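Take a look at the structure below.
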Amino acid sequence: MKVYNTLSRKKEEFVPLNEGKVKMYVCGPTVYNFIHIGNARPMIVFDTVRRYMEYKGYEVNFVSNFTDVDDKIIKKAVEEGVSAQEISQRYINECKKDMSDMNVKPATTHPLATQEIDGMLKMIGSLMEKGFAYAVEDGTVYFRTRKFEEYGKLSHKNLDDLQAGHRSIKVTGEDKEDSLDFVLWKPKKEGEPYWESPWCKGRPGWHIECSVMAKKYLGDEIDIHAGGEDLIFPHHENEIAQSEACNGKIFAKYWLHNGFLNIDNKKMSKSEGNFFTVREIGEKYDLQVLRFFMLSAHYRSPLNFSAELMDAASSGLERIHNAAENLRHLSKNTDLQSMADEERELWKGSDVFVEKFEKAMDDDFNTADAISAIFEYVKYCNTNVKQESSQELLDSLYQRMEQLCDVLGIILAKEEVLDEEIERLIAERQAARKEKNFARADEIRAILSDKGIVLEDTREGVKWKRV
RNA sequence: GGCGCAGUAGCCAAGUGGUAAGGCAUGGGUCUGCAACACCCUGAUUCACCGGUUCAAAUCCGGUCUGCGCCUCCA
């Protein structure tokens, strides 16, 4: 399996620190509002990475934090006249609901920044002892960036260029030793939540949170650290500086970053008016469609979002669902149990699609190519399966489809129980059709359509599905 | 200014040296009471442009154009 490592800017063979195990940390959202569809991309993409790792037999320890103390949360709390904790807890719950609707698995651990203050104080203290941090008069603690010689190795930045850039836009932090230095701990302002520390009553800087949570739940050395590409600098660069300066070990072996989601080829932003929450999209589409859409491009490429593209994704996903439904339907109605000899050949013939799927995923999680393998598999099933197929073949093909789709987090609709009313109407319609009373047949179809039930008359009988 | 990404059919998108996957949409057909599903056929002499390397390039090198991102605690 090869993964693209931002650190080396190359695809590298994936070799875990401990055989059979993967330690993975993904930077989570700041919870001050509903998550937007840009937040959804890393969630979906790295959930898929995790699922594929698990498919390959790795035991994955997946940690993703919630940043629950931050200027924006405090601002929102002040606006509503409630506590910051109330805001963060509310949006953590909403975020978890969205994740569930997108079929993103819960992390092994979802740590909260506010629950990890002790660890942060400890790490900051350790950095001070080692000379990597210093406190100034008002109690702010800074990281001494230039002392960490490898600073810039992830974003491949030259410190002097950075310095030049900073000088021209420098507005605050005049008390820093160097404009590159960043905050580890900052004093509270009036009315803000705070914690006691040796330097001042205050709260942690953003970067220290992730370093500490990764260390606590995964250890000093982890396999994969992931997030949006905008986090490369400064967030991840700073995490490396903090963790490696403190622990004296390489922090993360592989750094994975997803590309941005654009709306109409522009960056999504509230001021542009092209801002969508996952919740809003969920009102128009099943979030499975959003997931399928996001996986239709490579995770490192920029991805454009539009209603047309979502509709196209929806049609494509439906094709897969139809094929699955067809297999289920045939299996339920067939009289034949075991595979015949020619069916064994057919079954064996479907191995190539699994191989293609795995090859694509092994190549830096090429989900677009993996999806094409699923489509080819779908066609193979549609073409080769018939009413006289055995249950064993049908079920085998179905399970294989389910297995591949599960890696991508695509759920093939479960068998649902028919209401007796619906069943009765379908039977009545069948009788009407037999008598060539098509007016009544169409009427019944319209009635069911209003209830969200779509009927399809096929050679193999009447199929129905909820839409 | 520094660093980086991208440009493949109407749309989306794989393919990174061996002669252009897949999906959506379109049009035609089979099936069908109709519809839907499914299946068959329909598509790039060509991969932004110009040079170069090579027996061979969408793929490698140089240049040009266009779009975009980061360098601001924005995923």
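These figures come from a predicted structure and were not determined experimentally. Here is the naming used below: chain letters follow the sequence lines, and residue numbers restart at 1 for every chain.
The CD atom of A:E325 sits 18 Å away from the P atom of B:A36 (whole-angstrom rounding). Remark: C1' of B:C74 and CG of A:N258 are 13 Å apart, rounded to the nearest angstrom. Between the C1' atom of B:A35 and the CD1 atom of A:I447 lies a distance of 17 Å, rounded to the nearest Å. Nucleotide B:C73 holds its P atom 14 Å from the CZ atom of A:R203, rounded to whole Å. Between A:D71 atom CG and B:C73 atom P there is a gap of 11 Å when expressed in whole angstrom units. Counting to the nearest Å, the C1' atom of B:A36 and the NE2 atom of A:H329 are 14 Å from each other. Taking atom CD of residue A:E237 and atom P of nucleotide B:U72, one finds them 12 Å apart after rounding to whole Å. For A:I232 and B:C71, the CD1 to C1' distance is 12 Å, given to the nearest whole Å.
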How would RNA chain B look in dot-bracket form, 5' to 3', counting Watson-Crick and G-U wobble pairs with both distances under 3.5 Å and writing | for bases paired to another strand?
((((((((.[[[..)..(...]]]..((((.......))))......[[[[[..)....]]]]])))))))....
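Position along RNA chain B of the nearest nucleotide to A:A439 versus A:G205 favours A:A439 as the more 5'-ward residue. Where A:F260 and A:N304 each meet RNA chain B at their nearest nucleotide, the meeting point lying more 5' is that of A:N304.
Between the side chain of A:Q288 and the backbone N or O of A:I411, at least one donor-acceptor pair lies under 3.5 Å. Of the possible polar contacts, one joining the A:T6 side chain to the A:W255 backbone as a donor-acceptor pair under 3.5 Å is found.
B:A44 and B:A20 have their P atoms separated by 11 Å, given to the nearest Å. For the C1' atoms, the distance from B:C61 to B:A25 is 39 Å, rounded to whole Å. Rounded to whole Å, the separation between the P atoms of B:G7 and B:C12 comes to 12 Å. With C1' as the reference atom, B:A56 and B:C41 are 33 Å apart, rounded to whole Å. Taking the P atoms as reference points, B:C3 lies 16 Å from B:U72, given to the whole Å. Comparing the C1' positions of B:C74 and B:C24 gives an interatomic distance of 32 Å, to the nearest angstrom. A gap of 14 Å separates the P atoms of B:G15 and B:A21, to the nearest Å. The same atom, P, is picked in B:A36 and in B:G28; the two are 13 Å apart, to the nearest Å.
Of the residues A:K359, A:K2, A:K11, A:R300, the one that meets the salt bridge (Lys or Arg N to Asp or Glu O under 4.0 Å) test with A:D364 is A:R300. A:M102 pairs in a side-chain contact (heavy atoms from CB on, under 4.5 Å) with only one of the listed residues (A:L287, A:I281, A:D286, A:D47), which is A:L287.
For B:C34, its base sits under 3.5 Å from the side chain of A:R445 at one donor and acceptor pair at least. On a pure distance criterion of 3.5 Å, no polar donor-acceptor pair joins the side chain of A:K267 and the base of B:C68.
The side chain of A:K465 contributes no N or O atom lying less than 4.0 Å from OP1 or OP2 of B:A36.
The environment of CD in A:Q85 is sparse: at most 12 heavy-atom neighbours from other residues, nucleotides or ligands sit within 6.0 Å.
When the side chain to side chain donor-acceptor pair (under 3.5 Å) test is applied to A:R203, the partners found at least two apart in sequence or on another chain are A:D71, A:E192.
Closest contact between the side chain of A:P234 and the listed nucleotides B:G2, B:G33, B:C73 involves B:C73. Side-chain proximity of A:T383 to B:C39, B:A75, B:A13: nearest is B:C39. Comparing B:A13, B:G33, B:A75 by their nearest atom to the side chain of A:D457 picks out B:G33. Nearest to the side chain of A:L309, among B:A36, B:C12, B:C70, sits B:C12.
A distance below 6.0 Å separates the ring centres of A:H257 and A:H236. Aromatic rings from A:Y142 and A:F182 are positioned such that their centres are separated by 6.0 Å or more. Side-chain rings of A:Y380 and A:F353 approach one another, their centers coming within less than 6.0 Å.
Under the 3.5 Å distance criterion, with hydrogens and angles disregarded, no donor-acceptor pair is assigned to the side chains of A:E325 and A:Y398. A side-chain donor-acceptor contact under 3.5 Å links A:E209 and A:T67.
Among the atoms of the strands shown, base atoms are found under 4.0 Å from some heavy atom of A:K186. At the heavy-atom level, A:E318 lies nowhere under 4.0 Å from the strands shown. Using a 4.0 Å heavy-atom distance criterion, A:N382 is classed as a sugar-phosphate-only contact.
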Under 3.5 Å, which protein N or O atoms sit close to an N or O of nucleotides 14-24 of chain B? Give each pair with its distance.
| from | atom 1 | to | atom 2 | distance (Å) |
| --- | --- | --- | --- | --- |
| B:A14 | OP1 | A:H298 | N | 3.0 |
| B:A14 | O3' | A:N366 | ND2 | 2.8 |
| B:A14 | O2' | A:D369 | OD1 | 2.5 |
| B:A14 | O2' | A:D369 | OD2 | 2.7 |
| B:G15 | OP1 | A:N366 | ND2 | 2.9 |
| B:A21 | O2' | A:E376 | OE2 | 3.3 |
| B:A21 | N3 | A:S372 | OG | 3.4 |

